[in-house]
Amino acid sequence: ENAWIVPSMLHDEGEHLVTKPTHQRLLLFDILPAGLFGRMITRLQEWDDLKIIQIWRSGMTFKVANKKSNQIGQIIVDSLSSKPSITVSCESRCQRSNKKCERKEKLLMQRLAEEFTSLFQEAFRRMMKHPYQHFVVCPHCLADENCDKPAKLLYEKCVELIVNGCVTV
């Protein structure tokens, strides 16, 4: 449904549906730029395979809109503490524990991490005074079901190799 969402006008609290996270990331910051969470809401609403269940002033709950997946997730933003943070959690509700479910969760967390990275680069571009390194997860490792620890590759090097015609890393 089409609706305008104004994060500052939303309810203060929401229902935390992720009770036993199987994957979780805590991102800590010295400061959080104003409007960062609102931009994240906007971006996630554009994902075809994600359905937002609930949004409140400092968080959101979502599920993967795929009949084969039973994943739910939530993003909680704490911008008021002395060390602002964003917590991203995913929980699988598969009937039984298996590698496919775990792999899908890892992929979802990776996609969310890439989306946050993109947002942070936009938000902090002017604030960055020192060069930084941006890493991406090896797509070959992600495709290999037996790989538990995917390699991280320097983004600039990957782009350079692709531009020069290299198809494998």
Side-chain angles (χ1 to χ4, degrees), residues 4-14 16-18 21-65 71-92 102-143 147 149-163 169:
W4 290 90
I5 296 174
V6 180
S8 62
M9 300 295 289
L10 294 170
H11 295 288
D12 288 335
E13 286 295 320
H16 296 255
L17 299 176
V18 175
T22 45
H23 286 84
Q24 189 168 30
R25 281 195 185 174
L26 175 65
L27 309 167
L28 297 171
F29 302 92
D30 291 325
I31 59 165
L32 273 178
L36 186 76
F37 181 59
R39 288 192 296 273
M40 190 65 185
I41 292 170
T42 303
R43 287 193 180 192
L44 292 182
Q45 284 180 324
E46 294 175 1
W47 288 17
D48 292 335
D49 59 343
L50 200 73
K51 181 178 186 318
I52 296 176
I53 300 170
Q54 182 183 31
I55 304 172
W56 62 97
R57 189 174 298 175
S58 62
M60 68 187 312
T61 305
F62 55 86
K63 71 177 189 173
V64 175
Q71 293 175 290
I72 63 167
Q74 69 186 18
I75 298 170
I76 309 276
V77 179
D78 177 8
S79 58
L80 301 177
S81 69
S82 61
K83 193 74 171 168
S85 67
I86 297 174
T87 305
V88 182
S89 307
C90 287
E91 179 179 329
S92 176
E102 190 174 315
R103 182 150 188 77
K104 287 178 183 177
E105 283 180 29
K106 287 180 182 178
L107 289 172
L108 176 61
M109 289 298 283
Q110 180 60 38
R111 285 180 62 200
L112 289 167
E114 288 172 2
E115 199 69 60
F116 271 114
T117 298
S118 173
L119 267 175
F120 297 145
Q121 287 174 342
E122 278 178 27
F124 289 108
R125 186 166 284 137
R126 291 187 182 127
M127 298 166 70
M128 294 177 127
K129 296 178 182 170
H130 304 288
Y132 66 98
Q133 292 184 321
H134 179 198
F135 291 90
V136 293
V137 175
C138 171
H140 300 291
C141 293
L142 286 175
C147 180
K149 293 200 175 210
K152 293 181 182 170
L153 309 169
L154 191 59
Y155 177 76
E156 289 80 12
K157 187 65 175 172
C158 291
V159 171
E160 178 186 324
L161 290 169
I162 292 168
V163 168
V169 179

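Residues passing the side chain to side chain contact (heavy atoms under 4.5 Å, CB included) test with A151, sequence neighbours excluded: C138, C141. In this view, S89 and V18, P21, Q24, Q74, T87 satisfy the side chain to side chain contact (heavy atoms under 4.5 Å, CB included) rule, not counting sequence neighbours. In this view, R43 and E115, E122 satisfy the salt bridge (Lys or Arg N to Asp or Glu O under 4.0 Å) rule, not counting sequence neighbours. Under the rule for a side chain to side chain contact (heavy atoms under 4.5 Å, CB included), the partners of E114 that lie at least two apart in sequence or sit in another chain are Q110. For K149, there are no salt bridge (Lys or Arg N to Asp or Glu O under 4.0 Å) partners, not counting sequence neighbours. For T61, there are no side chain to side chain donor-acceptor pair (under 3.5 Å) partners at least two apart in sequence or on another chain. With sequence neighbours excluded, the residues that form a side chain to side chain contact (heavy atoms under 4.5 Å, CB included) with T117 are Q121, H134. For K152, there are no salt bridge (Lys or Arg N to Asp or Glu O under 4.0 Å) partners, not counting sequence neighbours.
The two residues V88 and M109 have their closest heavy-atom pair at O-CE, 3.6 Å. Residue Q45 comes nearest to I52 through the heavy atom pair CG-CD1, 3.4 Å, listed as atom of the first residue, atom of the second, then distance.
A heavy-atom distance below 4.5 Å is not found between the side chains of I75 and I41. A 4.5 Å side-chain heavy-atom check between F116 and R25 finds every atom pair outside the cut-off. Taking 4.5 Å as the limit, every side-chain heavy atom of L36 sits out of range of all side-chain heavy atoms of V77. L112 places none of its side-chain heavy atoms less than 4.5 Å from the side chain of H23. Between W56 and I76, the closest side-chain pair of non-hydrogen atoms falls below 4.5 Å.
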Run D49 and R111 through side-chain contact (heavy atoms from CB on, under 4.5 Å) and show every step you take. CA-CA 12 Å; D49 59 343; R111 285 180 62 200; 2.7 Å; yes
